[in-house]
Amino acid sequence: MSKRTIAYFGATGGSVAASLALALQNGHLCSVLVRTEAKLRALVRERGISDERIASHLTIVTGSVKDPAAVAQTLQAPSKGAGTVDVVISGIGGKPRFTPDPLRPTLEDPTICQDATRMIFDTLRSLGGPKPHFVVISTIGVNQIGRGIPIAMTPLYHWLLTIPHQDVREMETMVMAEMEKPALQRAIRSYLVVRPSLLTDGEMTSMDRIRVASDINPQFGYTISRNDVGMWLFETAVRGTSAHTGGRIVTITG
Ligand SMILES: NC(=O)c1ccc[n+]([C@@H]2O[C@H](COP(=O)([O-])OP(=O)(O)OC[C@H]3O[C@@H](n4cnc5c(N)ncnc54)[C@H](OP(=O)(O)O)[C@@H]3O)[C@@H](O)[C@H]2O)c1
């Protein structure tokens with residue numbers, strides 16, 4: 001299989017870390033934007049990636065996704081001169097904040113998902129060159145039509161998570177709006193929006209244990225592990241072994 005160049009955002013979260021580790025194991029050239037380099041190094045080492053492989057295949061950029069220079073550096077393909085990467089995978093998300101109202105949690109940064117996506121798109125436009133495939137982690141429960149989640153989870157998703165979901169909806173809208181632009185004006189070549197169900201810290205299983213469906217007819221599962229999300233992202237967006245390679249919103253569940 002030909003080696004890809006991949007930029008990762010949110011790699012100190014379990015889902016993207018799992019995907020990054022698989023890409024490194026398989027010899028792809030990766031770059032990451034992280035706020036804490038030590039946290040990233042610990043996560044990839046825990047997943048069996050040697051320091052030699054990190055040195056030869058991973059470019060670590062330290063900074064915030066709100067810093068245009070750091071984002072530009074991450075999007076520039078390692079060993080491809082001025083070109084941008086083949087694939088961008090983002091699992092940027094916010095930490096929940098339960099004050100002032102514990103019954104209406106918000107995020108420490110309530111617009112982080114949309115801000116990150118906007119920054120990635122704006123930076124890609126300013127860099128020019130070949131456009132990457134863009135893959136972003138969203139969530140179930142943000143459907144405009146239909147329930148999209150198991151009935152028992154309705155209170156959690158439609159009441160407790162209202163504010164975080166507003167941000168994710170905005171982010172998805174931004175991706176769709178980008179794809180509606182004329183091809184020359186688009187920041188990205190193609191997209192895949194992945195809506196996982198509630199994330200757990202379970203083990204990585206296998207691709208045939210992950211149920212995949214469209215946003216219109218979702219699979220009503222309860223949870224999926226971050227490790228399985230990472231495996232699915234790797235198999236689908238990097239290796240291209242799954243049929244769900246681009247141009248869609250998909251739900252995945254265990
Ligand atoms: N929790 C769930 O059940 C659930 C369900 C469906 C979807 N999701 C979404 O799935 C995605 C992945 O979730 P996860 O649990 O694997 O990871 P996560 O713990 O939510 O990780 C979020 C990532 O975003 C990074 N980040 C936040 N603000 C940033 C900034 N300003 N600049 C750079 N990086 C920033 C964090 O970096 P730091 O380590 O520096 O904070 C971290 O790497 C998230 O977007 C999450 O919202 C979650």
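Both counts, for ligands and for their atoms, begin at 1 and track the order of listing. Treat the numbers as computed from the prediction; the structure is a model and nothing was measured.
With a heavy-atom cut-off of 4.0 Å, K95 touches ligand 1 through its side chain alone. At a 4.0 Å heavy-atom cut-off, ligand 1 does not touch V229 at all. At a 4.0 Å heavy-atom cut-off, ligand 1 does not touch A116 at all.
Side-chain atoms of S225 and N227 include no donor-acceptor pair closer than 3.5 Å.
Screening residues 29-39 for side chain to side chain donor-acceptor pair (under 3.5 Å), with sequence neighbours left out, gives E37-R41.
Checking side-chain atoms of K131 against main-chain N and O of L184 turns up a donor-acceptor pair under 3.5 Å. Q114 contributes no side-chain N or O that, together with a main-chain N or O of M174, makes up a donor-acceptor pair within less than 3.5 Å. R4 places a side-chain N or O within 3.5 Å of a backbone atom of V238 that can act as its donor or acceptor partner.
Every atom of ligand 1 with a heavy atom of P196 under 4.0 Å away is listed here by number and element: 6 (C), 7 (C). Residue contact check: I137 has heavy atoms under 4.0 Å from atoms 10 (O), 11 (C) of ligand 1. The contact set between ligand 1 and G10, taken as ligand atoms under 4.0 Å from a residue heavy atom, comprises 23 (C), 24 (O), 43 (O). Residue T12 approaches ligand 1 through these ligand atoms, each under 4.0 Å from one of its heavy atoms: 36 (C), 37 (O), 38 (P), 39 (O), 40 (O), 42 (C), 43 (O). Counting atoms of ligand 1 from 1 in the listed order, those under 4.0 Å from a heavy atom of K39 are 38 (P), 39 (O). Every atom of ligand 1 is numbered from 1 in the order shown, and the set under 4.0 Å from a heavy atom of S138 is 6 (C), 7 (C), 8 (N), 9 (C). Residue S197 has at least one heavy-atom neighbour below 4.0 Å for each of these atoms of ligand 1: 5 (C), 6 (C). Counting atoms of ligand 1 from 1 in the listed order, those under 4.0 Å from a heavy atom of I92 are 24 (O), 26 (N), 33 (C), 34 (N), 35 (C), 45 (O).
Not a single side chain to side chain donor-acceptor pair (under 3.5 Å) links R209 to another residue, sequence neighbours left out.
Using a 4.0 Å heavy-atom cutoff, K66 is absent from the residues neighbouring ligand 1.
For atom 47 (O) of ligand 1, the choice among A70, S64, G93, S15 with the nearest heavy atom turns out to be G93. The heavy atom nearest to atom 6 (C) of ligand 1, considering only T74, V168, T139, is found in T139. By heavy-atom distance, the residue among S225, S90, G91, A11 lying nearest atom 44 (C) of ligand 1 is G91. Comparing L199, I224, T62 by heavy-atom distance to atom 8 (N) of ligand 1, the nearest is L199. Here atom 33 (C) of ligand 1 lies nearest to V65 when heavy atoms of L40, V32, V65 are compared.
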Check against side chain to side chain donor-acceptor pair (under 3.5 Å), T111 and D167: CA-CA 5 Å; T111 57; D167 184 30; 5.5 Å; no
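Between E172 and T117, the closest side-chain pair of non-hydrogen atoms is not below 4.5 Å.
Evaluated for a ring-ring contact (aromatic ring centres under 6.0 Å, His included) with F134, the options F9, F121, Y191 yield exactly one hit, F121.
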